[in-house]
Amino acid sequence: MDLQLNGKTALITGSTAGIGLAIASLLAAEGAAVTINGRTRQRIDQAIDEIRKAHPQANVSGIDADVSTAAGCEKLIAAIGKVDILVNNAGIFEPKPFIEIPDADWDRLFQTNVMSGIRLSRFYLPKMLKQNWGRIIFISSESALQPPPEMIHYGMTKTAQLAISRGLAELTIGTSVSVNSILPGPTASEGVEAFVSQLAKGQKISEKEMEKQFFKTGRPTSLLQRFATPEEVANLVAYVCSPLSSATNGAALRVDGGVVRSIS
Ligand code: NAD
């Protein structure tokens with residue numbers, strides 16, 4: 001299937017690793033001119049090398065900017081005046097008991113996971129509306145629908161993304177611009193792999209055993225009963241980025257391995 005992404009420009013935040021990198025790599029493979037983003041030049045250059053190794057024709061460049069701050073978003077905006085596709089992917093998580101989460105952590109997760117997408121959408125959406133084509137995608141989470149008791153602050157940010165995404169979609173009425181959210185389930189990204197490896201070491205079991213245990217006790221409703229790969233998530237994102245998804249707008253689409261036990 002030709003996703004018709006040739007000639008489209010795309011910006012993916014937090015894309016030097018994990019789900020963001022997989023999205024950037026797939027969009028580049030499909031012919032989009034991709035800008036990746038991370039906080040350090042070194043990680044960006046590594047990610048660009050990785051993408052070019054897999055797809056020698058890839059049109060890919062990168063901008064180092066910390067999107068958790070207004071200044072970081074301004075830096076991105078100053079470098080890229082217009083994009084066809086914006087993927088608000090950058091996001092952080094950290095398990096912490098509710099009573100131990102200080103105000104500063106609530107704010108840090110909100111700034112990184114929510115305000116980054118707000119600031120960039122506020123700049124790029126009007127330009128998409130003007131050219132009457134565009135895609136904004138928020139990488140939310142199954143945690144938006146099933147707030148994780150071990151990190152309620154993270155769940156709050158992921159639910160907030162759904163509200164913003166649907167609200168922005170309302171502003172696109174009658175145009176060829178769409179705004180959607182993608183809800184991955186547990187995915188073996190760099191961040192999650194490091195977390196699982198740390199837990200496995202602590203319990204003196206293998207990472208495979210830890211994964212089995214995590215799904216048995218932590219995510220028993222998962223139908224996949226394993227971590228999804230970042231590439232499996234990227235496949236859905238690439239479709240939503242494509243002109244082929246023109247009738248999908250204002251949606252919250254799950255690629256969660258069936259972990260959310262709901263048919264709506
Ligand atoms: P990851 O930790 O593997 O990678 C995150 C990337 O974002 C890295 O490239 C990192 O350098 C970059 N980044 C982090 N903070 C940044 C900042 N302030 N400015 C610029 N770049 C920054 O993450 P992941 O697991 O691939 O998660 C990506 C998104 O997917 C997040 O929004 C996360 O909430 C969501 N998600 C992940 C999972 C999962 O299980 N991995 C599940 C559901 C949703």
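Throughout, residue positions are numbered sequentially from 1 according to the sequence presented. Every number for a ligand or one of its atoms is a count from 1 in the order of the listing.
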Please table the atom pairs, donor to acceptor, closer than 3.5 Å between any side-chain atom in residues 53-62 and protein atoms at least two apart or in another chain.
unit_1 : atom_1 : unit_2 : atom_2 : d
His55  : NE2    : Ser25  : OG     : 3.4

Show the protein residues that qualify under the rule heavy atom under 4.0 Å from an atom of ligand 1, listing them in chain and number order. Gly14, Thr16, Ala17, Gly18, Ile19, Asn37, Gly38, Arg39, Ala65, Asp66, Val67, Ser68, Asn89, Ala90, Gly91, Ile139, Ser140, Ser141, Tyr154, Lys158, Pro184, Gly185, Pro186, Thr187, Ser189, Glu190, Gly191, Val192
Test of understanding: with ring-ring contact (aromatic ring centres under 6.0 Å, His included), list the residues that count as partners of Phe123, not counting sequence neighbours. none
Please list all pairs passing the side-chain hydrogen bond (donor to acceptor under 3.5 Å, both in side chains) test where one or both residues lie in residues 76-92, with sequence neighbours left out. Thr9-Asp84, Lys82-Gln131, Asp84-Gln131, Asn88-Ser121
Under a 4.0 Å N-O cut-off, is there an ion pair linking Lys201 with Glu207? no
Between Leu21, Leu26, Ile19, which is the residue that forms a side chain to side chain contact (heavy atoms under 4.5 Å, CB included) with Ile23? Ile19
Note: Arg261-Glu142 ion pair, threshold 4.0 Å (strictly below): no
